[in-house]
Amino acid sequence: MRKAIIAGNWKMNMTPSQGVDLATALMPLVADAACDVVICPPFVDLVAVGEAIKGSNIHLGAQNMHFAEKGAYTGEISADMLKELRVEYVIIGHSERRQYFAETDETVNKKVTVALDKGLIPIMCCGETLEQREAGITNDFVSGQVEKGLSGLSAEQVENVVIAYEPIWAIGTGKTATKEEANATIGVIRKTIAKLFGEKAAAQVRIQYGGSMNAKNATELMSMEEIDGGLIGGAALKPEDFAKVVKF
Ligand code: PGA
C-alpha cells in the first residue's frame, strides 16, 4: 500500500541557525514516525539543516528549482546543486510560485520532468481558487493542472511523483477543506492519473492534502482513503505541532 508522506514547507521562514534549531528540536519527536517525514527549508538553510538531520529519519526537500541544467539564470538553483546537498524532494509549482512568480503548468511540467530525470522526487502542487470552487469547476481545473504538469512522463515516472492537492483558499487561512471535500478532489486526481497513465500508476502515486492542515485536523484528514499525506505550512514551523501531524 502507499506509504504516507508528511512534508513541511517552511516557505520564507527560518534563517540557517533558526532552521537548525527547528530541525534539531524535531528529530527526537518524529524519530519513531511510521510515515515518510520531509522538511523543505529555504535554499540557504539546506546545507546546515541537511548536516543537522544527518542520520535521522527526516528527509530533505527544497521549495523550488529551475529546469535548466545550468547557465545564465541569475538567482536560480539547479537540480544538480540540490542533489549535491543530499536533497531528495523538491516542491514544484506551489500556488504561491504560480501566483507571485509567474509559474505556469508549462514551467511546472519542465521542472517535474527534470527533477525526475535527476533523481529528485517532485512534490507537484495543484489546487483551485475559491472562485473556481464556487463556480463548480474544481474538478476540471485541478485535473487539467495535473494532466499538463505530468505531460510527457511515463507511467513508471508518475508512480514516483508526489502530488499535493492544495485548495488555494485553504492555504494559510486557517480554513481547511473538509475531509470529504479533500478526499473527493484527490479521488478525481487519482482517476485522472488512471485515465492518463493506467491503474497501476494511479494506485501507487501518493497524493497529499495541503491547506491549514495542523495538529488538530491531521487525524481526520489522514483517515480518508484517498489522502496519503500532507504538505504543511504554518504548523511545520512548530516542532510539537509538526510532530503531531506526523503521528496523525
Ligand atoms: P498552510 O500552508 O499549512 O500554512 O496552509 C500549506 C502550504 O502552502 O503548503
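We're numbering straight along the sequence, starting at 1. Both ligands and their constituent atoms are indexed starting at 1 by order of listing.
For ligand 1, the atoms sitting less than 4.0 Å from at least one non-hydrogen atom of Gly172 are 1 (P), 4 (O), 5 (O), numbered in the order shown with element in parentheses. Taking every heavy atom of Asn9 and a limit of under 4.0 angstrom, the matching atoms of ligand 1 come to 9 (O). Residue Glu166 has at least one heavy-atom neighbour below 4.0 Å for each of these atoms of ligand 1: 6 (C), 7 (C), 8 (O), 9 (O). Residue Ser212 has at least one heavy-atom neighbour below 4.0 Å for each of these atoms of ligand 1: 1 (P), 3 (O), 5 (O). Atoms of ligand 1 lying under 4.0 Å from at least one heavy atom of Gly211, given by number and element, are 5 (O). Below 4.0 Å from some heavy atom of Lys11 lie the following atoms of ligand 1, by number and element: 2 (O), 7 (C), 8 (O). Proximity to Ala170 (heavy-atom distance under 4.0 Å) selects the following atoms of ligand 1: 5 (O). For ligand 1, the atoms lying closer than 4.0 Å to a non-hydrogen atom of His94 are 7 (C), 8 (O), 9 (O).
Between Gly210 and ligand 1, a contact under 3.5 Å exists for no N or O pair. In terms of polar-atom proximity, defined here as any N/O pair under 3.5 Å, Ile232 makes no such contact with ligand 1. In terms of N/O distances under 3.5 Å, ligand 1 is not approached by Glu96.
Scanning the protein heavy atoms around atom 3 (O) of ligand 1, the nearest turns out to be Gly233 N, 2.8 Å. Annotation: atom 4 (O) of ligand 1 to nearest protein heavy atom, Gly234 N, 2.9 Å.
When heavy-atom distances to ligand 1 are checked against a 4.0 Å cut-off, Ile171 comes that close through both its backbone and its side chain. Residue-level proximity to ligand 1 for Cys125 is absent, since no heavy atom of it falls below 4.0 angstrom.
Counting only heavy atoms from C-beta outward, the side chains of Leu130 and Ile168 never approach each other to under 4.5 Å. Between Val30 and Asn57, some side-chain heavy-atom pair lies under the 4.5 Å cut-off. Between Asn64 and Phe101, the closest side-chain pair of non-hydrogen atoms is not below 4.5 Å. Inter-residue side-chain proximity for Ile123 and Asn9 is flagged as unmet; no heavy-atom pair is nearer than 4.5 Å.
How far NE2 of His59 is from CD1 of Ile39: 11.0 Å, rounded to the nearest 0.5 Å. Rounding to the nearest 0.5 angstrom, the gap separating the CG atom in Leu153 from the CG atom in Asn109 is 6.5 Å. One distance of note links CG of Asp80 with CE of Met65; it measures 9.0 Å at 0.5 Å rounding.
A donor-acceptor pair under 3.5 Å links the side-chain atoms of Asn217 to the main chain of Ser212, judged by distance alone.
Counting only residues at least two apart or on different chains, the side chain to side chain donor-acceptor pair (under 3.5 Å) pairs with a member in residues 132-144 are Glu128-Arg133, Thr129-Gln132, Arg133-Tyr165, Arg133-Thr185, Ser143-Thr192.
Within the structure, the closest approach of Gly174 to ligand 1 does not fall below 4.0 Å when heavy atoms are considered. Residue contacts with ligand 1 leave out Ala235, since none of its heavy atoms falls under 4.0 Å from the ligand.
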Query raised in the report: Can you check side-chain contact (heavy atoms from CB on, under 4.5 Å) on Gln63 and Arg97, steps first, answer last?
Result: CA-CA 10 Å; Gln63 298 175 17; Arg97 302 243 19 120; over 6 Å; no
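Using a 4.0 Å cut-off between charged side-chain N and carboxylate O, Lys110 and Glu103 make no salt bridge.
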